[in-house]
Amino acid sequence: MNAVQPDERAGLLVDVRGIGKVYGSKTVLDDVAMTVYPGEVVGLVGPNGAGKTTLIRILSGMSRPTRGEGRVLGRDITSTTGDVPFLGLMVERPMFIETLSGRRNLELLFGIRGVVGGATAVDVLARVGLDPADRKPVRAYSLGMRQRLSLAQAIGELPSLVVLDEPTNGLDPRGIIDMRGLVRELADRDGMGVLLTSHLLGEVEAVCDRVILIHGGRAQRVYSPKDADARAVMVLEVAAPDDVERVAAVRTLEVIGIDAPLRMRIRVKKAVPEVVRALVGAGVGIEAIHRDESGLERAYMETVGAR
Amino acid sequence: MKQTAALIRLELARLFTSRRWFAGVLMWGAVGKMAADEVGGYVLGAGLGAWTVFDAHAALMNNGFFVGFLLLMTFVLIACDGLARDRETRLAHIVVLRAGNRWQWWVSKVVPMLLAAVIFQAGTLGGALAAAAYEGAAITRMPSMFALGEAGVGDASSQLFFTPAEPDMDMLLREIGASLYLALGFAAVGLAVLALTVRYPVSWLPGLAVVAVLLADSILGWFIHAQWYSWVSLPYRLMEAAHSAAVVDDPLPLWSSYAWWVLLLVGSAAGGAWMLKRVDV
């Protein structure tokens with residue numbers, strides 16, 4: 001997948017190869033390889049039934065692969081000893097002890113590992129945007145509040161790896177923005193490796209360093225929003241039809257697609273200010289130019305649509 | 001050890017804050033009232049004079065329908081689907097990760113369930129005592145004429161079977177003993193059901209399993225000799241009077257029932273742990 005040298009593997013949080021999972025005659029995962037580094041946010045994207053949740057279950061020690069090998073936080077994923085890695089896991093549609101408050105749930109959960117004190121529950125609830133003084137039982141929580149509580153339990157003990165399954169599910173727009181900031185903070189400030197799944201491609205593209213596109217149980221390709229290649233793609237809107245021909249004549253860029261009569265995608269070959277100067281010099285009437293944020297969407301459609 | 005204790009604390013919180021215990025309270029009251037009505041009416045009819053609060057419990061403990069169906073089913077529905085439910089709701093994922101290994105998680109499911117069996121029987125005892133007191137039974141620890149078996153212990157017109165008490169017996173201790181015996185039986189059945197949900201993690205399975213076992217038990221009763229049936233029947237073995245020569249012709253040795261329940265307990269605990277290490281959570 002990504003080019004990792006053997007001496008770099010020691011620092012990897014997730015390093016698995018050839019993962020396969022078969023239920024009866026149904027192959028759910030086939031030959032999946034992936035890595036996650038500390039401080040990196042990796043997205044796992046694919047249609048429903050692509051195998052994302054199965055992969056997460058294998059990585060978190062809840063399920064054993066039928067084939068493959070590798071380690072998650074040093075734990076052999078094929079282990080039959082029943083041990084599980086010390087990671088934070090946020091599951092989709094989370095349930096808790098419904099009769100207790102969110103804070104009491106966290107205190108009980110954090111008490112199991114015993115690596116953080118009771119005050120952590122208060123701190124982490126505030127960090128995810130829940131009121132630590134709220135004594136309401138979890139059964140009265142909205143889906144968004146449950147998601148926040150689920151995130152709190154996943155990150156509260158500061159594990160080196162956090163796995164977030166559909167973290168934005170049920171969140172309002174403000175919650176989605178908060179979640180995006182928090183995920184980046186976990187990686188950039190706390191140095192955690194984050195593996196997340198989501199169907200919101202724009203969010204994944206905005207927050208992830210690397211995205212694995214999975215379809216039909218196979219990791220089809222890796223998309224890196226921050227790669228120079230991806231960042232070189234811009235959207236250009238021009239004022240008049242004649243400008244389209246003028247753009248094509250500019251040598252510091254390449255037109256890679258025309259989305260509408262006056263809007264095109266270009267790949268810049270020089271720094272953006274230099275390209276803009278060249279466009280102006282060629283007499284192009286520029287209405288707008290901005291970085292293309294739909295690269296993942298196109299990669300997704302190419303991957304899923306190709307099968 | 002500290003981690004196991006914390007896991008058990010979490011499971012205790014989950015199990016004992018469940019609103020399903022309201023069903024238990026209702027059932028304790030209902031069977032207590034039915035047993036008290038039956039004993040009270042019988043004592044009055046037989047002209048035995050006063051009866052005590054413990055008589056209702058003694059009769060209840062030996063009523064196959066109450067013990068082997070109503071109470072057993074209620075207990076299983078309250079206390080034995082924790083593992084399946086946690087896996088369905090994915091609470092299991094965030095707990096198992098913290099447990100560090102699945103063995104500790106299994107222990108944290110087993111211990112509260114065993115405790116629940118004891119508490120459930122304490123509730124049954126309390127319900128029977130309260131219902132009998134409400135019906136006018138005397139509150140004394142001395143055995144009544146009824147408890148001494150003065151009117152016979154197996155009247156064909158009623159379901160009143162029980163082992164007659166000794167004249168100087170403390171009825172409270174006797175009924176606590178009977179409750180603990182039943183708690184052992186319920187714990188063994190409960191653990192077998194819990195182990196079953198390791199392999200088949202669906203929350204409706206415990207109730208279905210009990211119904212299936214009781215149905216199979218009834219069908220078996222039609223086809224095999226009564227003496228053999230008494231050895232293999234689960235509800236029959238739950239009844240304390242099945243071990244009394246004063247009540248049945250071929251009583252089961254008490255040691256055989258203890259052995260049966262302990263074997264079921266140990267086998268289910270070991271089998272559940274073995275399976276849990278191998279299944280997908």
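Chain naming here is simple, since letters A, B, ... match the order of the sequence lines and numbering starts at 1 in each. This structure is a prediction, so every number in the text was calculated from the model and none was measured. The figures here come from the full heavy-atom set of this structure, side chains too, leaving out hydrogens, waters and symmetry mates.
- The greatest number of non-hydrogen atom pairs below 4.5 Å with chain A, out of B/Leu97, B/Val281, B/Val96, is found for B/Leu97.
- Of the two parts of A/Arg57, only the side chain, counted from C-beta on, holds a non-hydrogen atom closer than 4.5 Å to a non-hydrogen atom of chain B.
- When each of A/Leu89, A/Leu87, A/Leu109 is checked for heavy-atom pairs under 4.5 Å with chain B, A/Leu109 comes out on top.
- Counting only residues at least two apart or on different chains, the side-chain hydrogen bond (donor to acceptor under 3.5 Å, both in side chains) pairs with a member in residues 267-281 of chain B are A/Lys21-B/Asp280, A/Tyr23-B/Asp280, A/Ser63-B/Asp280.
- Between B/Tyr181 and B/Trp261, the ring planes lie perpendicular to each other; the angle is over 60°, past the 30° to 60° tilted range.
- Of the listed residues (B/Ser18, B/Ala6, B/Ser108, B/Ala5), the one with the most heavy-atom contacts under 4.5 Å to chain A is B/Ala6.
- For chain B, no part of A/Glu98 is nearby; none of its heavy atoms comes within less than 4.5 Å.
- Taken from CG in A/Leu182 to CZ in A/Arg180, the straight-line distance is 12.5 Å, to the nearest 0.5 Å.
- The most heavy-atom pairs under 4.5 Å with chain A, out of B/Lys2, B/Arg19, B/Arg9, come from B/Arg19.
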Let me have the donor-acceptor pairs involving side chains of residues 110-135 of chain B, under 3.5 Å, with sequence neighbours excluded, atom names and distances please.
{"from": "B/Thr124", "atom 1": "OG1", "to": "B/Trp28", "atom 2": "NE1", "distance (Å)": "3.4"}
{"from": "B/Thr124", "atom 1": "OG1", "to": "B/Phe120", "atom 2": "O", "distance (Å)": "2.9"}
{"from": "B/Glu135", "atom 1": "OE2", "to": "B/Lys33", "atom 2": "NZ", "distance (Å)": "3.2"}

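- Going from atom CZ of B/Arg98 over to atom CG of A/Leu108 covers 11.0 Å, rounded to the nearest 0.5 Å.
- Residues A/Pro159 and A/Ala154 share a closest heavy-atom pair of CG-O, 3.4 Å.
- Only the backbone of B/Ala99 comes within less than 4.5 Å of a heavy atom of chain A; no side-chain atom from C-beta onward does.
- Heavy-atom pairs under 4.5 Å with chain B peak, among A/Ile112, A/Ile97, A/Asn105, at A/Ile112.
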